[in-house]
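Quick notes on the structure that follows.
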Amino acid sequence: MALTVESALSLEVFSRVPLTLFAGEENLHRSVRWVHPVEIPDIANFLKGGEMLLTAGLGIAHDEKAQRAHVRALARAGASVLVIELSGRAYHTMPEALVDEAARLAFPLVGLGGELPFVEVSAQVHGSLLNQRMQELTAYERLNETFMRLLLAGRDHVAFTQALADEIARPVILEDSSRRIVAYSSGTEVSDAEISGWDLHSRVLHSGDVLGGTSVAPTLLPSLDGKDRKRRTGEAEAGMACTRRAIVIRGERWGWLHVIHSSDALLRTDQHAIDRTADVIAISVLSAREVGAQAAQRENALVNRLLLGDISGDSFITRALRLGKDLRGRPLLAVCAVKEATTGRLDQERLVDACRAAALPAVVADIGDHVMAIVGLARSQDEQQLAERLSSEELRSGVSRTCPSAELSTAIRQARSAASVAASRAGREVVRFDDMGLLRLLVSLSEGPELANYVDDELGTLLRHDADSSHPLLPTLRAFLENEGNKSKTAEQLFIQRRTLYYRLERLNTLLRRSLDESEVRQGLAFALRGLDLLRRGRDSAVQPRV
């Protein structure tokens, strides 16, 4: 902690004589950089700022005009405090002109009611300054050692943000150039409120803060209920502020590092820690590709822990917030996208882009044959907008019902079921779990032998025929069922004559040992075809062409 005027005046040596503060009480927080016993009139010409000046008053003139000029010169030079010995060498009482001018300038002016060895004052003040400097150097060395260890371990921006929060015991938020939170550590109720409306904080509170500095928030973000609004207003009146530093990489600003704190100035060690953290974050994110890969690994690990049941849904939300994904208080849904074998971009990147384009927070992970996102919604129309974005990215996807965090495991199962159906269809479409209908049963049956047995019972003879024939009949059956038994439409779809279609239908009746003219037979076969598509998708990691 920096040595202030107040703490310097609390040293033992000043307790030996009566001490009176005549002016400048509001500036007792000023730092004391050095202490000087002085008795020359023009001492102000030799000051650098932050000095505690000790004097018997011999260098101070006795006319009021000169006394006022003396105080003005000291204040202008940046002195922290003037301590005058009122022992009779020059003054028995503090001159009114000195008091009046010091009060006008809010300049700390102290009177000592007796003689005091200034050499002992200097020794104690300098001793405190040396102790303070030693503490600062120790803190600097500890922080540098922590950062060096993290750098050598290949840790990313999230780890450095947490290290800074641990060092200064305050909430720390890291945003990128698009004002998106990418790391958040040691949150409090106040900082949680700020990140709930982060765009407002970043754009409005720091609107005039171009190079980085401290901005004092006049109010905190309003809440929905009046009780909470009153509490936050009270905190703002107590004085909340945010200090930020730019993360600069190769001459370009990558983002900002924010520290939420009280409106009192940060300690010098805290400011040094913020500066050093900004530097090491810049080093750690020199490669945007590495940053993206590390962020993806963190999200992969988090989602996989949820899938394994290692963490609860509520714990998932808390841990996601540490990665800058604020899913709190939102309806959630799971999206499961099928991996495509021939796509140019990574499927995980496409799913991330879809969620980002819909302006929705999401944790996205690669889970093997699929990529999955846990998405937070804000409005009723968000689900439809997300589906449109998924379609524009041409992602075969399954979307669960909305749910609270406690039901995320159910939502994941629903999304996987819907994705299985999406994978079995020809087009790249989005399937909602609520729209699956009877297919929910098919998907559950496909996880065991029941569906495979049913498909073999219904279509086994036909599949064996097609496997050994140059003229497969399964496409004809599929088209006939899709057209609900309409022979004219089926012939047109297959680009064949009706006589040829009749021949194929007879062959199908013979192989299946049933009449395709019966509606119940067609329903059973249609069910079996859908099961066949699901089973084929389950066997292959890539999308198979339809027969």
Side-chain angles (χ1 to χ4, degrees), residues 1-137 265 267-268:
M1 177 180 290
L3 182 66
T4 64
V5 173
E6 184 175 20
S7 56
L9 294 176
S10 299
L11 293 172
E12 182 276 332
V13 68
F14 284 112
S15 68
R16 301 177 189 178
V17 297
L19 182 149
T20 304
L21 177 65
F22 288 94
E25 181 177 4
E26 59 268 49
N27 281 320
L28 291 181
H29 65 275
R30 287 180 176 175
S31 297
V32 173
R33 186 184 59 84
W34 208 244
V35 59
H36 294 291
V38 296
E39 300 297 345
I40 60 176
D42 60 345
I43 184 60
N45 295 330
F46 305 100
L47 301 180
K48 299 295 184 181
E51 294 86 359
M52 168 180 273
L53 301 177
L54 308 174
T55 180
L58 300 177
I60 302 176
H62 285 268
D63 63 284
E64 292 187 6
K65 184 176 180 180
Q67 289 173 351
R68 291 179 181 275
H70 187 78
V71 173
R72 286 197 301 271
L74 295 181
R76 187 166 51 247
S80 295
V81 60
L82 175 63
V83 181
I84 301 179
E85 183 184 276
L86 303 177
S87 61
R89 293 177 185 273
Y91 303 106
H92 289 285
T93 60
M94 188 68 72
E96 292 184 5
L98 290 178
V99 175
D100 183 65
E101 191 66 19
R104 188 182 67 82
L105 298 173
F107 179 73
L109 176 65
V110 177
L112 301 178
E115 292 186 351
L116 196 63
F118 285 167
V119 65
E120 292 192 39
V121 175
S122 296
Q124 289 196 20
V125 171
H126 288 161
S128 295
L129 289 170
L130 288 174
N131 287 337
Q132 170 209 330
R133 186 57 179 163
M134 184 61 66
Q135 291 174 4
E136 290 178 351
L137 291 174
L267 299 179
R268 185 160 55 189

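Only heavy atoms go into these numbers, but all of them, side chains included; no hydrogens, no water, no symmetry mates. For reference, positions follow the sequence shown, starting with 1.
The ring pair (Phe, Tyr, Trp, His ring centres under 6.0 Å) check on His126 picks up Trp34, with sequence neighbours excluded. Every ring pair (Phe, Tyr, Trp, His ring centres under 6.0 Å) that Tyr91 has, sequence neighbours left out, goes to His62. For Ala66, the side chain to side chain contact (heavy atoms under 4.5 Å, CB included) partners are Ala61, Asp63, not counting sequence neighbours.
Nearest approach of Ala56 to Glu39, heavy atoms of both residues: N-OE2, 2.6 Å. Closest approach of Ser80 and Ser31 over heavy atoms only: OG-O, 2.6 Å. The shortest heavy-atom contact between Leu53 and Ala79 is CD1-CB, 4.1 Å. Nearest heavy-atom pair across Val99 and Met94 is CG2-CG, 3.4 Å. For the pair Asn27 and Ala106, the tightest heavy-atom approach, listed with the atom from each and the gap, is ND2-O, 2.6 Å. Closest heavy-atom contact between Gly111 and Leu86: CA-CD1, 4.1 Å.
Separating the CZ atom in Phe22 from the CG atom in Leu82 is a distance of 11.5 Å, to the nearest 0.5 Å. Residue Ile40 holds its CD1 atom at 12.0 Å from CD1 of Ile60, rounded to the nearest 0.5 Å. Expressed to the nearest 0.5 Å, how far CG of Leu137 lies from CG of Leu130 amounts to 10.5 Å. Distance check: Asn131 CG to Leu3 CG gives 10.0 Å after rounding to the nearest 0.5 Å. Atom CZ in Arg68 sits 9.0 Å away from atom CG in Leu98 (nearest 0.5 Å). For the atom pair CG (Leu47) and CG (Asp42), the distance works out to 10.0 Å, reported to the nearest 0.5 Å.
Side-chain atoms of Glu6 never come within 3.5 Å of backbone atoms of Leu28 as a donor-acceptor pair (strictly under, hydrogens ignored). Remark: the backbone N or O of Leu116 is paired with a side-chain donor or acceptor of Glu85 at under 3.5 angstrom. The closest donor-acceptor contact from the side chain of Arg89 to the backbone of Gly57 lies at 3.5 Å or more, if one exists at all.
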Can you list the steps and then say if Glu136 with Gln132 is a side-chain hydrogen bond (donor to acceptor under 3.5 Å, both in side chains)? CA-CA 6 Å; Glu136 290 178 351; Gln132 170 209 330; 2.9 Å; yes
One pair to check against side-chain contact (heavy atoms from CB on, under 4.5 Å): Val17 and Glu115. What are the steps and the verdict? CA-CA 8 Å; Val17 297; Glu115 292 186 351; over 6 Å; no
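Two residues are said to be in side-chain contact when any heavy atoms from C-beta on lie closer than 4.5 Å; Ile43 and Leu74 meet this criterion. The closest side-chain heavy-atom distance from Leu112 to Leu19 is below 4.5 Å. Contact check for Arg30 versus Met52: no side-chain heavy atoms found under the 4.5 Å cut-off. The closest side-chain heavy-atom distance from Val121 to Phe14 is below 4.5 Å.
Annotation: Glu96, atom CD; neighbour count of heavy atoms from other residues, nucleotides and ligands within 6.0 Å does not exceed 12. Open room surrounds CD on Glu64; 12 or fewer heavy atoms of other groups in view lie less than 6.0 Å from it.
Under the 3.5 Å distance criterion, with hydrogens and angles disregarded, no donor-acceptor pair is assigned to the side chains of Glu101 and Gln67.
In summary, of the residues considered (Val35, Leu21, Val5), a side-chain contact (heavy atoms from CB on, under 4.5 Å) with Val81 occurs for Val5 alone.
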